[in-house]
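Below: the structure, in structure tokens.
The chains referred to below are lettered A, B, ... by the order of the sequence lines, with proteins before strands, and numbering in each begins at 1.
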Amino acid sequence: ETANIAVAANFTKTIEAVGKVFEKETGHHVKFSFGPTGKLYAQIRNGAPFDAFFGADERRPKKTIEDGNGVADSYFVYAQGQIVLYSAKFPVKDQPLDVLKAAEFNHLAVANPKTAPYGERAVSYLKSKGLYDGVKSKIVNGESIAHAFQYVVTRNAEIGFVAMSQVVDPQSPVYGKGQYWVVPQTDYKPINQGALITKRGKDNEAVKAFMKFIKTPKAIEIIKQFGYNVS
Amino acid sequence: MQNKPMMHGYLKLKLGEFELDSGDFSLDLDGVTVLFGRSGSGKSTLLRAMSGLDKRTQGILVVNGKIWQEGSRRMAPQARNIGFVFQDAALFPHMTVRQNLNYGMKRLPKGVAELSDAEFNEIVSRVGIADKLDRAVTYLSGGERQRVAIARALLSRPDILCMDEPLSALDWRSKSELLALIEDVVAAYKIPLLYITHSPAEVERLADRVVFMHDGKIETVETLQEALARPDSPLFAEEGVVSVLEGLSMPMEAGLHPVVMGEDRLWLSDLSELTQKAVRVRVLARDVSIALSDPKDLSIINHFKTTICELIPKGEHRTLVRLLMADGQKLFAEVTNHSAERLHLRVGKTVFALIKSVAVTE
Amino acid sequence: MQNKPMMHGYLKLKLGEFELDSGDFSLDLDGVTVLFGRSGSGKSTLLRAMSGLDKRTQGILVVNGKIWQEGSRRMAPQARNIGFVFQDAALFPHMTVRQNLNYGMKRLPKGVAELSDAEFNEIVSRVGIADKLDRAVTYLSGGERQRVAIARALLSRPDILCMDEPLSALDWRSKSELLALIEDVVAAYKIPLLYITHSPAEVERLADRVVFMHDGKIETVETLQEALARPDSPLFAEEGVVSVLEGLSMPMEAGLHPVVMGEDRLWLSDLSELTQKAVRVRVLARDVSIALSDPKDLSIINHFKTTICELIPKGEHRTLVRLLMADGQKLFAEVTNHSAERLHLRVGKTVFALIKSVAVTE
Amino acid sequence: MLEIFGTEINLGPIWLTLEVAAITTLVLLVVGTPLAWWMAQMRSSNKVFLEALVALPLVLPPTVLGFYLLIIFNPTGPVTEFLRFFGFEGQLTFSKTGLVIGSVIYSLPFAVQPLMHAFEAIPQRLLDAAATLRAGVLDRFFSVVLPLSQRGFLVAATLTFAHTVGEFGVVLMVGGNIPGETRMVSIDIFDHVESLEYDQAHILSAMMLVFALVVLMLVYGLNRRFGVKVG
Amino acid sequence: MLEIFGTEINLGPIWLTLEVAAITTLVLLVVGTPLAWWMAQMRSSNKVFLEALVALPLVLPPTVLGFYLLIIFNPTGPVTEFLRFFGFEGQLTFSKTGLVIGSVIYSLPFAVQPLMHAFEAIPQRLLDAAATLRAGVLDRFFSVVLPLSQRGFLVAATLTFAHTVGEFGVVLMVGGNIPGETRMVSIDIFDHVESLEYDQAHILSAMMLVFALVVLMLVYGLNRRFGVKVG
Ligand SMILES: Nc1ncnc2c1ncn2[C@@H]1O[C@H](COP(=O)(O)OP(=O)(O)OP(=O)(O)O)[C@@H](O)[C@H]1O
Ligand SMILES: Nc1ncnc2c1ncn2[C@@H]1O[C@H](COP(=O)(O)OP(=O)(O)OP(=O)(O)O)[C@@H](O)[C@H]1O
Ligand SMILES: [Mg+2]
Ligand SMILES: [Mg+2]
């Protein structure tokens, strides 16, 4: 059987890796559609043929269930994103707070706090440390965490809050270059990424199997490799 | 019982400041009808209105019993079976000459046979574009474009032909070749022709009737005879008064064509083979001289004994003399007042009319 | 020491199958030079090449000592100070008539004064568009467009005027009004004019010299006198042979203008006030009759005693008689062979030439 | 699958893109031609309104336009209901149909504006001449108007085609990014960028550029060879 | 800030959008006119290549185009270095300059194609007539070509303007979505949609549509009143 699964864009690579293993092990087939979480939400609300929905936050998957488009008890948190501060130029690994305080950079890339949980957590972290006002005028908003990362990669922003998954990936263009500092998990609310089975996928065996598979240690191992936490 | 082909109606068309307001008119639709009038008098506008090419036309137009226009409802031009040669040719720039010609031929109404290849070739070569058939039309010379437009209209076998100054950009030789062609086609296929020209020579050669236009109005519709009989006819404005005489042509003698008019014979030195028996010749009044006696040792060969029936002072020291020929036809002679006095010309006097040169019109 | 204004060169221009290849030519740049030739012979192409309007022109062109073209390098047309009246008017559709006229006036070269309002008004009203100045040009009639184009070129005060069949779409009255205007402007401002026309009447009226073209080549360049002296001149193709006589005009007597030619007097019944003392009159050979004795009771007023100096058989049963007038000028008469025999015309014989009608050319 | 410089490239999205772009161009020419002709002939003041209306799809950001299309073409919405009535089965969104509909609406101005412009430039006297040669309205249109507006059609077709190829927002929203079904190459590139597979993104982009360059040069070259100049 | 139906609307992005769209249109007309004229006059086969090149920005998805612009315009890249050489200070990305540059490149085909089309339709004989009336090349251009290609300019300007207003991908990518500086209304609407603030999205979209409709109607109305028909 085949399942169509809508996945938040930031999780693209990870879930493809998981999916490959899943397909090999179960013989089921999964097709992933990627997009911004809000867009996926709107699509499901308007009859998109998705059997499951992996969001980038908790809010929009939960809202899908509230709307009556999801299977109520299928919701779970499949991964937690980790924020890192990355720069190719500044010594963020050793003195992250000094760098932020000095604010000698032109641009600090952050995902849009309004639409991306990574951005929202990064901003609230800055605020909690009293650093926000100092860097506020330097912030450039990427529409998603991937977009914020592109700012940094292309050196348009000298420094930025990006996702752990983006710097630990051996294929990443910044892999082994520059410095990054993992923002302590304790300093921000966890970025829970929630998933659920949609009403359409209720009876889809492949989806059920996949949801089960993603909670197995094997899958969790892969997810962790890509820089996510799984609690 | 078949009615005579006719076009009658009343057409109005307001274009900016100009207003066409034809007045009631009625035209026989056979042979050639010429629209004549000064530049800007509305000839093109009237012809377009008659052809249904302007949506804003108002009025009524009935052709051969069919209603072409009633109020602002008009029959579409493509349904009228009209051939039109535009003042500026209006060739299709995306087609070769041949494709332009074929355009109308491919759209013949049912029941009308296409022209044979021989007929096609004849028209094309007489129009003088046989060697240009496969050229793009964009770079034709002014005269070449007009010739293609004429051929295109002729080949589309319309029920009525309209031509808007089709010969204006041509040298006289092309002009006279095409005039002959137009005459032949009109005669052979019996297509009535509506024709705009500024040239009185073309009018006299082609016209059966003339529509005189002035300031957007039709002033009069006259047969060519009537138009020529009036000494003040606008046709004469350029070359002066003209008489048109009718007669029967006879076989050639000593390089001259005799044309018999009652007892008189007019000798035509015209070169062309006269195919028709009944001919029409055109004599400029200023080409007619008057002698009191029949002069013998003179190179002028045409001497007619005539009676003066009217002396019309023309101003500018000229007198127009209307002469009655033996067979009753009228002939105008223009002389200076000085000569008229010297020769004591009076109404009723018998004089000899000497005609130097003569042109055949039909 | 100033040289005579001249244009000389050799122009080549290949357009598709047509090839302009002028050959060496050399023209005096004063008065009016007419390009004459059949439709498609390359008149428009040559004029465009002379004006620098076609980039593909090759050859050499030197005007008043300045090099306008050398090889494929050409001086830009806007630098040549040429006024051009195009065969199809080429008015700017986004401007009113007045704006079209102003276009050239606003771009006078330094040192050339703009025409005064009075001069502007005169030209505009003589061209006959005074009441149309504020109209959009899009809907002008064919003749109106040509008139605007003529006025536009005249008002731009060029050093050389080029006109490509500027009068073809006009009625004869507008034609003759505009011819008079063109003559006046050319004379008053001393602008040399290059002029294309198909009408021999226009040639005879305007031309100082004629460039005969055939098949893309300049056949000959002749003064009008030379062109008219040749009995086989292409100018005569339509109306037959023409003689042009020169004389001095005298004050009017009894409504007639005497023109003195040596001992002879030619009586002109021409209406117009003759401003010039030296006049040129044009006589069609077929308007000249020959009498053996001086006829008395005849309305023909012009009788000249002449000597036959040549008899030219013209074929088609016609003979062209070249007559020597008392003052040495040549006069052609055309008679039928039949008349020539009847009158026993021989070279050396003294005959009377009767001239019925006469037109003044200049 | 194709391997270029050691990088695997999935050709599916490319074919899909070309197919959708071709269909969209075709549909737009077929639909846009009469519309443009009708508008070119209009003299009333409605014309102004219509002209503005046709240009509107440009004003909304594609994702937003997509969002509204999603709402309008919702499987329980009025449009789908209406089509059901005529025996239509299936769904307008999340399918190739959806992609085409979205692209057609989004590219409408690119087709209609140049066509209208071209139609308006055709001299009335040529249409008059055709009418006197017995060509009816349709006949005139096909024999005179069409060939003389060749250049306009070319502009319309290339703008539409290229625009559909590069379209992203609308097709992402209406199509749903389902692999093998609605994943167009623009989305594919974007996915690669998101998942840090820059190599694939570069290669795909380069392929599209080269392909487009070749196609456009061919089209323009042919036009230059066989084109007509009016006026 | 404006309150409509109890929903707060931030007008800043709207003004910015109009400003950027206006500047872009202006720049494109100024840059595109000589380019289009030059191309219209060209007879060599380079023309075909240039035509295709001009159409290329259409082929890349805007976000991808934006991504490449990010790479090209990065503050240590050659373009910026080159401009620095001429005294340019500051950064091409994350600024209004960047937005305008991005929009100009992206909308280039919409300006150049209709202009070129219009220029090519101008009858040579009118240019000849102008030349014989002593108008030089530039003079001819301004006195004959420009007024006669009015319709082409109109199409070019409205397509460019509308397209820039609705532009999303490129400005999102290059701009940095900095509130008050580079947040255009298209991004604003998108953000509202993403964060499920549908009311704001609807209101903003409606405002843009109505505004665009009015502007376009005005423009087309004026053109109809003062327009010239050639041919
Ligand atoms: N659409 C229009 N709007 C305004 N005026 C017009 C329009 N069409 C024609 N006219 C005017 O109507 C008058 C008659 O034009 P028309 O073309 O019928 O003249 P014409 O007799 O054919 O002249 P010509 O012999 O010069 O061709 C002209 O003065 C012309 O300017
Ligand atoms: N661009 C071109 N390409 C091909 N042939 C051309 C081009 N321009 C002109 N010709 C041809 O050159 C010949 C001469 O044209 P031109 O316009 O000079 O003739 P013309 O003497 O002015 O004739 P008319 O009296 O009919 O105006 C014509 O046969 C024409 O078809
Ligand atoms: Mg007319
Ligand atoms: Mg010519």
Side-chain angles (χ1 to χ4, degrees), chain D residues 45 47-49 51-53 55-65 67-68 109-110 113-114 116-118 120-125 151-152 155 158-159 162-163 165-169 185-187 189-190 193 201 205 208-209 211-221 224 229-231, chain E residues 45 47-49 51-53 55-65 67-68 109-110 113-114 116-118 120-125 151-152 155 158-159 162-163 165-169 185-187 189-190 193 201 204-205 208-209 211-217 219-221 224 229-231:
Chain D
S45 53
K47 176 173 185 169
V48 174
F49 178 70
E51 275 189 86
L53 209 62
L56 270 196
L58 278 176
V59 175
L60 282 186
T63 24
V64 175
L65 184 67
F67 176 60
Y68 286 111
F110 302 121
Q113 289 240 28
M116 200 176 124
H117 184 178
E120 283 180 344
I122 291 186
Q124 181 59 36
R125 59 200 180 81
R151 194 94 184 70
V155 173
T158 50
L159 286 184
H163 196 246
V165 167
E167 221 294 286
F168 174 73
V185 73
S186 56
I187 308 175
I189 298 180
F190 189 72
V193 173
S205 301
M208 280 178 70
L209 281 185
F211 171 80
L213 200 64
V214 170
V215 169
L216 289 173
M217 279 179 68
L218 268 180
V219 172
Y220 292 132
R224 218 167 71 93
K229 201 177 158 170
V230 199
Chain E
S45 53
K47 177 173 184 171
V48 174
F49 178 70
E51 275 189 86
L53 210 62
L56 270 196
L58 278 176
V59 175
L60 281 186
T63 29
V64 176
L65 185 67
F67 176 61
Y68 286 112
F110 303 122
Q113 289 242 26
M116 201 176 123
H117 185 177
E120 285 181 342
I122 291 185
Q124 181 59 36
R125 59 201 180 82
R151 194 94 185 68
V155 173
T158 50
L159 285 184
H163 196 246
V165 166
E167 218 294 286
F168 172 72
V185 73
S186 55
I187 307 175
I189 299 180
F190 180 77
V193 172
L204 270 178
S205 301
M208 279 178 69
L209 282 184
F211 171 81
L213 200 65
V214 170
V215 169
L216 290 174
M217 279 179 67
V219 172
Y220 292 133
R224 220 166 70 92
K229 199 175 155 170
V230 200

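For the atom pair CG (E:L216) and CG (D:L56), the distance works out to 6.5 Å, reported to the nearest 0.5 Å. For the atom pair OG1 of D:T158 and CD of E:Q113, the computed distance is 4.5 Å after rounding to the nearest 0.5 Å. Going from atom CE of D:M116 over to atom CZ of E:R151 covers 4.5 Å, rounded to the nearest 0.5 Å. Between E:L209 atom CG and D:Y68 atom OH the span is 8.0 Å, to the nearest 0.5 Å.
The two atoms that bring D:P62 and E:G166 nearest to each other are CD-O, 3.3 Å, heavy atoms only. Across all non-hydrogen atoms, the minimal contact from E:A162 to D:A55 is CB-O, 4.5 Å. Across all their heavy atoms, D:H117 and E:G152 have their closest contact at CE1-CA, 3.4 Å.
Of the listed residues E:I187, E:L159, E:V165, E:I189, the one with more heavy-atom pairs under 4.5 angstrom with chain D than any other is E:L159. Chain D forms the most heavy-atom pairs under 4.5 Å with one residue out of E:S205, E:P57, E:A118, E:P114, and that residue is E:S205. Among E:V155, E:L213, E:V215, the residue making the largest number of heavy-atom pairs under 4.5 Å with chain D is E:L213.
Heavy atoms of D:L65 lying under 4.5 Å from chain E are absent altogether. Interface residue E:F49: backbone and side-chain heavy atoms are both found under 4.5 Å from chain D.
Relative ring orientation between D:F110 and E:H163 is described as perpendicular, the plane-to-plane angle rising above 60° on a 0-90° scale split at 30° and 60°.
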